[in-house]
Amino acid sequence: MRKTIIAGNWKMYKTIKEAIELTTGLKREFFKLDFAKVDVVVCPVFTALSEVSEVLNETGIGLGAQNVYWKEEGAFTGEVSPAMLKDAGCQYVIIGHSERRQFFGETNESVNNKIKAALKVELTPIICVGENLSQRESNNTFKVIEDQIKNSLADISPEDMLKTVIAYEPVWAIGTGKTATPAQAQEVHAYIRGLLKALFGAEVSSSLRIQYGGSVKPENITELMNQPDVDGALVGGASLKVDSFSAIVTKASEVKK
Ligand code: 13P
């Protein structure tokens with residue numbers, strides 16, 4: 001049994017004040033949520049992390065950052081280390097989001113370094129993979145995913161892999177309103193699970209949680225979660241409002257697997 005995990009990626013939205021408001025609203029909504037059934041994580045911008053952490057204190061809602069650097073400290077202007085994220089109250093960190101790959105030169109190699117550094121300080125990496133539209137249209141989806149999985153996860157032990165989460169986010173579905181159909185999501189999730197089995201063995205393959213991301217909304221979460229290999233969601237736009245994010249979490253937690 002894999003426990004459902006829903007994470008909100010707030011991207012570059014929300015001032016500290018707005019982040020506190022949203023967190024306070026979620027805290028109220030999730031007061032009675034059964035956290036034994038679902039893990040909930042919010043990922044604000046760096047500047048809001050420690051204040052959001054204070055609001056989240058002992059609510060059961062997890063905190064994640066959206067990026068990290070792999071060095072412990074040093075002359076790396078503009079970067080933030082894994083230990084610094086822990087210090088700000090994080091338990092999770094999103095690594096290799098397609099926006100970082102696309103706009104900030106993130107590669108499978110940098111993703112690999114970041115995952116290893118996060119694991120060293122016991123931060124749970126949420127590792128993102130996904131194909132873009134031209135790769136899908138040229139029937140290269142599986143090849144792209146295989147390349148991302150093999151190279152991003154190089155030299156990571158099965159024990160460490162058990163401490164990670166993977167997010168499949170087809171780039172063409174992010175922020176476009178175009179969700180992958182449940183069957184399209186399932187097909188790639190099952191493919192990723194097969195790769196994990198070949199690379200890390202049966203235990204990792206059957207226990208590791210794979211989230212779907214890309215235009216997830218209250219209207220489509222149930223059918224996505226009904227797919228056998230979809231274990232949760234990484235939510236962008238719909239995580240920025242209390243109503244939509246709490247509806248997604250509630251509906252996801254109600255799906256029987
Ligand atoms: P949207 O839910 O806004 O499509 O964003 C998905 C995403 O990129 C989450 O990381």
Side-chain angles (χ1 to χ4, degrees), residues 4-14 18-19 22 26 38-46 48-49 52 61-68 85 90-104 106 111 114-115 118 123-133 135-136 141 144-145 148-149 152 164-182 184-185 188-189 192 209-225 227 230-252:
T4 297
I5 176 165
I6 307 292
N9 173 8
W10 295 0
K11 306 196 179 182
M12 203 174 73
Y13 291 100
K14 310 273 178 203
E18 290 164 346
L22 175 54
L26 293 174
V38 56
D39 286 329
V40 182
V41 182
V42 293
C43 305
V45 294
F46 285 137
L49 285 172
V52 168
I61 303 171
L63 181 68
Q66 300 173 18
N67 184 27
V68 66
L85 295 182
C90 292
Q91 301 89 36
Y92 296 84
V93 57
I94 298 171
I95 296 180
H97 191 280
S98 63
E99 285 149 16
R100 295 219 53 87
R101 293 177 187 259
Q102 210 177 333
F103 305 130
F104 303 100
E106 194 98 65
V111 170
K114 291 178 179 197
I115 297 168
L123 271 176
T124 300
I126 299 178
I127 305 157
C128 302
V129 296
E131 81 288 359
N132 64 30
L133 188 59
Q135 291 164 335
R136 175 159 282 263
T141 298
V144 170
I145 299 291
Q148 291 175 342
I149 291 279
S152 305
T164 70
V165 174
I166 289 181
Y168 167 58
E169 299 204 303
V171 179
W172 49 272
I174 295 179
T176 56
K178 252 197 208 174
T179 326
T181 64
Q184 283 173 323
V188 180
H189 282 230
I192 294 173
R209 296 179 291 178
I210 307 175
Q211 298 176 307
Y212 168 79
S215 300
V216 173
K217 310 181 262 275
E219 295 75 31
N220 58 25
I221 185 68
T222 302
E223 52 175 4
L224 286 161
M225 285 301 302
Q227 304 304 307
V230 176
D231 308 313
L234 183 54
V235 186
S239 72
L240 297 171
K241 292 209 173 99
V242 173
D243 288 0
S244 45
F245 191 60
S246 58
I248 289 169
V249 169
T250 306
K251 287 180 178 210

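Both counts, for ligands and for their atoms, begin at 1 and track the order of listing.
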### Message
With rounding to the nearest 0.5 angstrom, report the CD1 to CD1 distance, I127 to I192.
### Response
10.5 Å
### Task
Output yes when the distance from some N or O of ligand 1 to some N or O of I174 is under 3.5 Å, and no in every other case.
no
### Query
Between E106 and R101, is there a salt bridge with N-O shorter than 4.0 Å?
no
### Query
Looking at A173, which atoms of ligand 1 are within less than 4.0 Å of one of its heavy atoms?
4 (O)
### Query
Atoms of ligand 1 less than 4.0 Å from G237 heavy atoms?
1 (P), 2 (O), 3 (O)
### Message
Need the ligand 1 atom indices (1-based, order shown) with element for anything under 4.0 Å from a heavy-atom of N9.
### Response
9 (C), 10 (O)
### Message
Would G236 count as being in polar contact with ligand 1, using the rule that some N or O on each side must be under 3.5 angstrom apart?
### Response
yes
### Task
Indicate yes or no: at least one non-hydrogen side-chain atom of V38 is less than 4.5 angstrom from one of I6.
yes
### Message
So if I count the atoms of ligand 1 from 1 in the order they appear, which ones are less than 4.0 Å from some heavy atom of L234?
### Response
9 (C), 10 (O)
### Query
Hey, does L234 have a side-chain heavy atom less than 4.5 Å from the side chain of Y212?
no
### Query
Is there any N or O on H97 that sits under 3.5 Å from an N or O of ligand 1?
yes
### Query
What is the distance from atom CZ of F245 to atom CG of L26, rounded to the nearest 0.5 Å?
6.5 Å
### Query
Under 3.5 Å, side chain of K251 to main-chain N/O of I221, donor-acceptor pair present?
no
### Query
What atoms in ligand 1 come closer than 4.0 Å to a heavy atom of G214?
4 (O), 6 (C)
#### Entry: E169 neighbourhood, listing ligand 1 atoms whose heavy-atom distance to it stays under 4.0 Å
6 (C), 7 (C), 8 (O), 9 (C), 10 (O)
### Message
Closer than 3.5 angstrom, by distance alone: can the side chain of Q66 be matched with the main-chain N or O of K11 as a donor-acceptor pair?
### Response
yes
### Query
Among the heavy atoms of K11, does any lie under 4.0 Å from an atom of ligand 1?
yes
### Query
Quick one: does S215 get an N or O within less than 3.5 Å of an N or O on ligand 1?
yes
### Query
Should G213 be listed as contacting ligand 1, given a heavy-atom distance under 4.0 Å as the test?
no
### Task
Tell me, yes or no, whether the heavy-atom count around Y13 atom OH, taken from other residues, nucleotides or ligands under 6.0 Å, exceeds 12.
no
